[in-house]
Every structure is written in C-alpha cells, then in structure tokens.
Amino acid sequence: MDRLGRLIMVVGLAVVGLAVAVFAARFGSDVDGQVSPVVGAPAPGLTLPRLEGGGAVTLGTIGDRYEVVVVNFFASWCLQCRNEHADLISTADAYRDRSVQFVGITFQDRPDRAISFLDELGRGTSTEYLLDPGSRAAIEFGVFGVPETIFIKDGLIVGKLLGESDALTLSGTLERILSGEEVGSRQVGEFRRGPDDRG
C-alpha cells in the first residue's frame, strides 16, 4: 500500500472512530454509566389506556396537576419488579400529600398477567396503572429494561433509575428533586431487558 493509501485508511479510521464516539455519547445507556439522552428532554405527553377500569390517562395532564410524576415501568415476568413493588407502593403513599403522583406502566406484558401481578402483590391506592400498546411509551422514554423508574418535573424528565430500587433510593431521589437538585440517571440494581432475559 502506498503512502497516499495509508493516509486515506488512517483518516477513514479516525472518522469512523469519531462517529462511533459521537453515537455512543448520544445514545449511551445507563448500564455504561453514561447519562441517559432523555434526561433533560420534555416528557412525552402520551395518552395511555388504564390497565383496569377502562378509560385512558394523558401523562401531560398528570404533570399539570402534580409537582413531580414518577413513572415506573414494570412486568409480571420481572423478578426485580416483584422485589421493588412494595417499596414503590409505600413511597407513593408517603408522598401522596406532597404533590407527587406515581404511575405504573406495563412493559412487554399481557394485561391479564399484569393484573394477576397486582392481585398478588397489591395495588398502590395513589398509583395509576397503565398499558403501553406497541411499547410507544417505553420507546419515547428511552426504556432500556425493567424495572426502570423515571422522574418528571415541570414537564421535563429530570431523572432515571435503572434496575431494582428501594424506598430509601426512591425517597432520596424525590427529596433531591423536590429541593431543586439535579439527579441525572444511574443504574441502582439488577434489571431485565425482556421476558427471555434471565440475567
């Protein structure tokens, strides 16, 4: 290979490397310790059907009524979702009078299985449970796996927790958000990418 050919190859590799770095920075996942690209972005104003009882809920409308909206993606096949469920309920109840609304959205799950999950583990009296037809919400929120918990304030996504969480982590994150602090995104525990992911 002559000198010009080597120069072209080196320049080409540098361009490819730069493109990969830019792509990784823009679309990096929480798993790699990078900031989720949706943190700081406007929250999707989707209208989603209720898991039970009929009707639908517009996420933007919830955000208009509460200072903070906590959106948790869960699935009946997810062990980590089962493990954190009681902590989600207790945290939702604890912050009910502080203008915080919790929303549970199913992730790649059948409605009957999600309902059985709630029948077994309980329902938060101050939590809305919604379906996600076609995974529209999961896509727009940039969900990587479940469980994943997203925090919305003033119409913006201000934080994400990937993986199994607990009441201490949830309440600590909420306190920081309510105090006006930035929380960003981070992995807090194990998670599953889909029904066939056994970890």
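Basis for what follows: all heavy atoms, side chains included, without hydrogens, waters or symmetry-related copies.
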* Asked: Can you check whether Leu168's main-chain N or O pairs, donor with acceptor, with Asp166's side chain at less than 3.5 Å?
  -> yes
* Asked: Between the main-chain N or O of Thr106 and the side-chain N or O of Tyr129, is there a donor-acceptor pair closer than 3.5 Å?
  -> no
* When you measure from the side chain of Glu84 to the backbone N and O of Glu164, does any donor-acceptor pair fall under 3.5 Å? -> no
* Using side-chain hydrogen bond (donor to acceptor under 3.5 Å, both in side chains) as the criterion, point out the one residue from Thr127, Thr125, Asp119 that pairs with Arg123. => Asp119
* So, does Asp132 use its side chain to make a donor-acceptor pair with the main chain of Arg136 at under 3.5 Å? -> yes
* Output yes when a side-chain donor or acceptor of Arg192 lies under 3.5 Å from a complementary backbone atom of Gly145, and no otherwise. => no
* To do: For a side chain to side chain contact (heavy atoms under 4.5 Å, CB included) with Phe151, tell me which candidate from Val71, Val69, Leu161 qualifies.
  => Leu161
* So, Lys153 side chain and Val158 main chain: donor-acceptor pair closer than 3.5 Å or not? -> no
* **Main-chain N/O of Ser126 paired to Gln101 side chain as donor or acceptor, under 3.5 Å** => yes
* Asked: Any donor and acceptor pair, going by atom type alone, linking the side chain of Trp77 with main-chain N or O of Arg113 inside 3.5 Å?
  -> no
* To do: Could you tell me how the ring of His85 sits relative to the ring of Phe117: parallel (under 30°), tilted (30 to 60°) or perpendicular (over 60°)?
  => perpendicular
* To do: For Lys160 and Val38, indicate whether the former's side chain and the latter's backbone hold a donor-acceptor pair under 3.5 Å.
  => no
* Can you find a side-chain donor-acceptor pair between Glu190 and Asn83 that sits under 3.5 Å? -> no
